[in-house]
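Encoded as structure tokens, the structure appears first; notes follow it.
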Amino acid sequence: MSFDYDLFVIGGGSGGVRAARTAAETGAKVALAEEYRMGGTCVIRGCVPKKLMVFASGFSAMMEDAQAYGWHLEPGKFDWGTFRGKLHAELDRLESVYRSLLDRSAVTVYDTRAKLADPHTVELADGTRVTAKHILVATGGHPVTPEITNADLGIVSNDIFLMEEMPKSVLIIGGGYIACEFACILNGLGVEVTQFYRGAQILRGFDEEARGLVAEEMKAQGIDLHLGTNIVEMAPAGDAHIGHLTESDAAGPESGARGNGKGKPVWVKATNGTEAVYDHVFFATGRRPSTEGLGLEEAGVKLGRKGEIVVDDYSQTSVPSIYAIGDVTGRIELTPVAIREGMAFTETVFKGNPTKPDHDLVPSAVFTQPELGTVGLTEEAAAEQEPVEIYCTSFKPMNKAFAGRNDRVLMKLIVSKETRKVLGCHIVAPEAGEMIQLAGIAVKMGATKEDFDRVCAVHPTMAEELVTMRSPSRTA
Ligand code: NDP
């Protein structure tokens, strides 16, 4: 049977684009459909614009520190309009880079939504049908909001980059990556940030001690973090609500930015009984795989409990001609993981070299201020698995202490008592993302504590503590 294409990829995010390019480079005839902008969540409304906002937000503390170091600076004000203009110009540039990479690899691009019609057929939004020997679904995920009345008054991470004005106050709901990163970003940009997290501590799943320090540092920077708290009611802020509030609460709707396209300031009631008005309520309450309306189940593709596409170790779905990679599979929701899954797919399907993407010991970073970098097991998970030694130090870094700040950092290694292997490394510090990338190499190689110790310290740095911790703080 002959097909229009050897491979049709649905979704032009990091994973889909990488799979399309690498498959095309083997000589395969490849097409890719993307309904929005090329680059997907990471490039257009996720990691990249987020990181640029992290940089932008860092300057407020940096300017204060510079003054403490003797620089004469006039306190300035952040101009969102200037930043936003540059940000979108950069995103346009990156999108065009993605397009030209596809073009150079001779991938045919359809700028439209596509769905499955059968195991070898894709239907485009205008009804055109094309056939392919293999179909790869890489449609990613999307933010979800809780099912409460008026939840549509809130914004989600996609909206942040499109705001017309910087709000005066924002309530963030959630305690995961996105909630904590944006709490720090907005706080750094001068927004009054309140954060509600329903659990006992933010960043569930990360090392207990590390997330505890991140929470402390966030609070010390001025983020009004409420643990064990959630939103119970929300409504457009009106006179009736403002009448209930204190003078300072009521200042929100009078003074804040409007016009994010989502409407006016929002009145909120919390589980602890308090009421307040915020310019925006930002739901960072998780993401869900984008599998709706793709004709997956009709084509026989099995979905999991959260709507994710169920795949085997080689990213193959329950329909042999259909594969899936990235967030839509609900494995590890990180761009570099999706890219690796895309490359492993090409190895398996187009290079005759069956390859499982490696999901073990994936380092990652939460870009809070300070950042949290992590690889391997948390202390809690490791202690459940086997007897461990914990090497841990927390201290005021030199540059911050000199500036008169009380900021603390944390360097932590979890070591197997039996094999001496470093099972986990957790760093809370400025630039922890950069540090954990390198520590990740050692941990992935199976380095022991003694291997770390054999490495001479780079002095004076924060990371030198990783090779100078002589005795365990405790065993577990
Ligand atoms: P997360 O799953 O990390 O966090 C969702 C948060 O929302 C949790 O704190 C959760 O609470 C809370 N929540 C869920 N439902 C409700 C509800 N109904 N009411 C109140 N709170 C609720 O999702 P994110 O959207 O932050 O991030 C999604 C994924 O994207 C991450 O897991 C990560 O893989 C990836 N990502 C990675 C980044 C990076 O590498 N730096 C940056 C951003 C995202 P609870 O803990 O109680 O469930």
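Along the sequence shown, residues are numbered consecutively beginning with 1.
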Distance in Å, N187 CG paired with S60 OG, rounded so as to fall on 0.5 Å steps: 7.5 Å
What is the distance from atom CG of D111 to atom CE of M38, rounded to the nearest 0.5 Å? 5.5 Å
Given 3.5 Å as the limit, does a donor-acceptor pair link the side chain of N150 with the main chain of L153, or not? no
Can the ring centroids of H134 and F345 be said to lie less than 6.0 angstrom from one another? no
Atom pair CG/OH of N230 and Y197 - distance to nearest 0.5 Å: 10.0 Å
Indicate the atoms forming the closest heavy-atom contact of T348 with Y314, along with that distance. OG1-CD2, 3.9 Å
Check R129 with D118, please: is the shortest side-chain N to carboxylate O separation under 4.0 Å? no
Indicate yes or no for a side-chain donor-acceptor contact from N353 to the backbone of E347 under 3.5 Å, with no hydrogens or angles considered. no
Atom NZ of K51: over 12 foreign heavy atoms under 6.0 Å: yes
Taking R37 first and then D92, would you say they form a salt bridge - that is, a charged N and a carboxylate O separated by under 4.0 Å? yes
Does atom NZ (K444) have a neighbourhood of more than 12 heavy atoms from anything else shown, all under 6.0 Å? yes
Flag if over 12 foreign heavy atoms under 6.0 Å of CE, M62: yes
Do the side chain of S318 and the main chain of K302 share a donor and acceptor less than 3.5 angstrom apart? yes
Atom CD of E208 with >12 non-hydrogen neighbours under 6.0 angstrom: yes
Note, L227 side chain near Q201 side chain (heavy atom, < 4.5 Å): yes
Determine whether a donor-acceptor pair (N or O, by modelled atom type, separation under 3.5 Å) exists between the side chain of T329 and the backbone of I325. no
Taking side chain as C-beta onward, heavy atoms only, is E217 less than 4.5 Å from Q369? no
Of all heavy-atom pairs linking P167 and V170, the shortest is CG-CG2, 3.5 Å
Under 3.5 Å: donor-acceptor pair, side chain of E308, backbone of G330: no
Do any pairs count as a salt bridge (Lys or Arg N to Asp or Glu O under 4.0 Å) and have a residue in residues 330-346, sequence neighbours left out, and if so which ones? R331-E341
So does A117 get a backbone contact from the side chain of E123, meaning a donor-acceptor N/O pair under 3.5 Å? no
Would a 4.5 Å heavy-atom cut-off, applied to side chains only, mark P49 and L91 as touching? yes
Sidechain-backbone polar pair: K29 side chain, D4 backbone, donor-acceptor under 3.5 Å: yes
Which atom pair, heavy atoms only, marks the closest approach of V409 to P430? CG1-CD, 3.8 Å
Lys/Arg N to Asp/Glu carboxylate O, E90 vs R93, below 4.0 Å: yes
Is any side-chain heavy atom of D126 less than 4.5 Å from a side-chain heavy atom of T112? no
Does any non-hydrogen side-chain atom of L101 lie less than 4.5 Å from one of V17? no
Can you give each donor-acceptor pair under 3.5 Å made by side-chain atoms of residues 171-185, sequence neighbours left out, with the distance rounded to 0.1 Å?
residue : atom : partner : partner atom : Å
Y177    : OH   : S364    : OG           : 3.2
E181    : OE1  : K50     : NZ           : 2.7
E181    : OE2  : K50     : NZ           : 3.4
E181    : OE2  : F367    : N            : 2.7

Can you measure from CD (E380) to CG (L377) and round to the nearest 0.5 angstrom? 10.5 Å
Ring pair (Phe, Tyr, Trp, His ring centres under 6.0 Å) involving Y110 - partner list, sequence neighbours excluded: F8
Walk me through it: do T41 and R287 pass the test side-chain contact (heavy atoms from CB on, under 4.5 Å)? CA-CA 11 Å; T41 296; R287 297 175 61 84; 3.4 Å; yes
dist K264:NZ -> D279:CG (nearest 0.5 Å) comes out at 12.0 Å
Should the heavy atoms of other residues, nucleotides or ligands under 6.0 Å from CZ of R113 be counted, would the total exceed 12? yes
L466 vs L413 side-chain heavy atoms within contact, under 4.5 Å: yes
Search all heavy atoms of T285 against all heavy atoms of V144 and return the closest pair with its distance. OG1-O, 2.7 Å
Can you tell me how far the CZ atom of F83 sits from the CE atom of M53, to the nearest 0.5 Å? 6.0 Å
Side chains of H226 and D224: donor-acceptor distance under 3.5 Å anywhere? yes
Is any side-chain heavy atom of E298 closer than 4.5 Å to one of L116? no
Testing the basics here: between S321 and K133, what is the closest heavy-atom pair and its distance to 0.1 Å? CB-O, 3.6 Å
4.5 Å side-chain heavy-atom contact, R84 and H88: yes
With no hydrogens and no angle check, is any side-chain donor or acceptor of T317 less than 3.5 Å from a backbone partner on V319? yes
Which atom names give the shortest non-hydrogen contact between V328 and P289, and what distance separates them? O-CB, 3.6 Å
